[in-house]
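Below: the structure, in structure tokens.
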Amino acid sequence: MPFYVTTPIFYVNAQPHLGHTYTTVIADAARRFFRMSGEETRFQTGTDEHGDKIAQAAAAEGVSPKEYADRISAMFREAWPNLAIEPDRFIRTTDPDHVATVQAALEKVHEKGDIYFSEYEGLYCVGCERFLTEKELVDGKCPDHLKEPERIAEQNYFFRMSKYQDWLVEHIKANPEFIRPERYRNEILAMLAEPLEDLCISRPKSRLSWGIPLPFDENFVTYVWFDALINYLTGLGYPDGPDFEKFWPGAVHVIAKDILKPHAIFWPTMLRSLGLAPYRGLRVHGYWNVDDTKMSKSLGNVVRPGEMVEKYGAAACRYFLLREMAFGVDSSFSDEAMTARYNSDLANDLGNLFSRSLTMARNFCDSRVPAPAAFENGDLELKEAAEKMVETFKREMRAWNFHRALAEVWLVIGMANRYIVNNAPWELAKEPEKRPRLDTVLHTLLACLRLIALCLFPVMPDKAREMWLSLGLNDREPDFSRDAAWDLLAPGTSLGQPAPLFPRLAKKKTGGKQQQPKAKSGKASNRKKDKGKENLIDISEFSRIDLRLAEIKSAERIEKSDRLLKLTVLAPEERTVVAGIAEHYSPDELIGRQVILVANLKPAKLMGVESHGMVLAIKDGGRLILSSGSERATPGSKVS
RNA sequence: GGCGAUGUAGCUCAGUUGGUUAGAGCAUACGGCUCAUAUCCGUAGUGUCCGGGGUUCAAGUCCCUGCAUCGCCA
């Protein structure tokens, strides 16, 4: 069946980060895998560009919404080629064909009678761009934006989603593969156990003009989901395009867990109303934390794909993302973890395996594929393991278990390294009568490397091609039907010259201590010396603490706490900090004061309020004195 | 508050339908090799499988309960 994989279209209110990168990398890897499995494939990603937030951000910059969207959208489009990500279509919700498709779809659903006009009254938060329920409010304010929502009564169009609820429940129950992993399927079934409300799909133009006008009422624009989700159809040329019939039955959407509900509930009911089959599958992944902390702008720990690729290269980044995260659950990124994977898996195990193999082929066989003689048990074991690897790899990739698929490949990489030591080709090379054995061993080894490279194509296309070419194979896209046989290396073929595939990365230096290799005898005494200095920290340890000047914008007491104040500070971005200073300072006298803030402290919830940093103060007996500079300075200035 | 997930070695995790002395990788220590990117190979470990109770000839695995962490819903 043709395979059509999509990422969500990413909202242009933020620049590409690790989360976007992961979604897009796995979509690309999956598409490469299915293409190599002989399927026709199509892969689409893009950007979502309408809405209040974009209009406001553009206004703040003094540009038009389209100009603003152009700029951010380009950042996404330009980020992907650096990671060997090759979508067939990069779609934008401002593309003319998309606007037309949204309107056509709305028209159709409207004609069917699944859209109705009704009044809605509620508390609207401009920041969230949505109505909030009373229960969501904290002290009458939106907990995310710390603003009181406005009470708005307005008339809007609604999609009769509830009409399709029973059908959807049946469909999910009848198709275990529809939503995966299973935890998310269960979550959706739990949500569907309650009656669904209909979906508001419009905003009056008076309040929001940056959107796609409703075809049946010029006074309204389409609100988020009927605009965004339709992109999956637009890209195939719905309703008449030649690709639509071919690819739609094989549609697989990759998403992060935050947009599960729209994709698992809104979208299938919309498709049903349109008279279309539901997509084939939804694949839901978890979040990437950074250094075990939520990734967030205010913490300044956002990982950008550009920086990551520059540091580690596209292949290593793709490998890490696919290997490190168990699909579906949250995982953690850190430079330490990345470096460890890079050095141990890529440089030491895989890279060195290729390097030593090609070197031996050069030294002992004149850089040509040798002809094998009789096989021994050890040879056959490696062969069987490599053949099994290909099968397991295919099975796990199909099941979206990328980490397991890769673990299987590395199992065989380990075996190949052991195979070399067990057979010691350098010993065989010393005795001319062992020539046939030497040839057999190196031939077996190279055949094994060929299958390893084959499996790695979807994961790291560029490096896999390097491996492939260095094995003397021709420069065409390999696939699993033609190339998965064990021995397709013609004796006599010339091989590439050995070169490090993944040069080792320098280990992170901890305070320069490890720069000098220590004589073994000196080790014990060094340790003792270090012990005496335990309380001293190195300058590098200090520099990990991000101290900044912050200006207090507002302050309020936290209910039921005598000591805590909730502060909103500028540093330079706005953030919420909880400080235990209520017994020493009143909220009023704090406004406008400048203090020193630990800006990269792990966020913590205190009395229900999440604090993003710590304000420094001096304890003098019973007194508490807030820290500050002796003169005023720009909020956000670094303290060092 | 309701529902659910997770809890296994210092770290990250695997443990299929209950079935020998509970595994892998990383990290650590020691030894070996020299083809290789200071790489590779071997050996050595450490575990109250979150606590408590139960079912069973047999429980990391099934049931009940408590705790912790996380998620979703309200």
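So you know, we letter chains A, B, ... as the sequences are listed, proteins then strands, and number each from 1.
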Name the nucleic acid region contacted by [X], choosing base, sugar-phosphate or nothing; use a 4.0 angstrom heavy-atom cut-off, strictly under.
X	answer
A/Glu408	nothing
A/Pro425	nothing
A/Phe354	nothing

Heavy-atom donor-acceptor pair, A/Tyr22 side chain to A/Ala256 backbone, under 3.5 Å: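 Not a single qualifying donor-acceptor pair exists.
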
Is a donor from one side chain sitting under 3.5 angstrom from an acceptor on the other, for A/Tyr312 and A/Asp335?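 Their side chains do contain a donor-acceptor pair, which is all the 3.5 Å distance test asks for.
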
Looking just at side-chain N and O atoms, do A/Asp487 and A/His443 make a donor-acceptor pair shorter than 3.5 Å?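 Checked: A/Asp487/A/His443 side chains pair up, N/O donor to acceptor below 3.5 Å.
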
Does a nitrogen or oxygen in the side chain of A/Arg404 sit under 4.0 Å from OP1 or OP2 of B/G15?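 It does, given that an N or O in the side chain of A/Arg404 lies less than 4.0 Å from OP1 or OP2 of B/G15.
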
Student check: side-chain heavy atoms of A/Arg450 and A/Leu489 closer than 4.5 Å: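 With C-beta onward as the side chain, the pair touches.
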
Within residues 161-172 of chain A, which residues have any heavy atom lying less than 4.0 Å from an atom of RNA chain B?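 Correct list: empty, so none.
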
For RNA chain B, what residues of residues 358-366 of chain A have any heavy atom nearer than 4.0 Å?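 Under 4.0 Å from RNA chain B: A/Thr359, A/Met360.
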
If you only use heavy atoms from C-beta on, which nucleotide in B/U37, B/C73, B/G71 is closest to the side chain of A/Met191?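 Of all the options, the side chain of A/Met191 is nearest to B/C73.
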
Each nucleotide in nucleotides 38-43 of chain B should get exactly one letter: B, S or -. Can you fill that in based on protein heavy atoms under 4.0 Å? -SSSS-

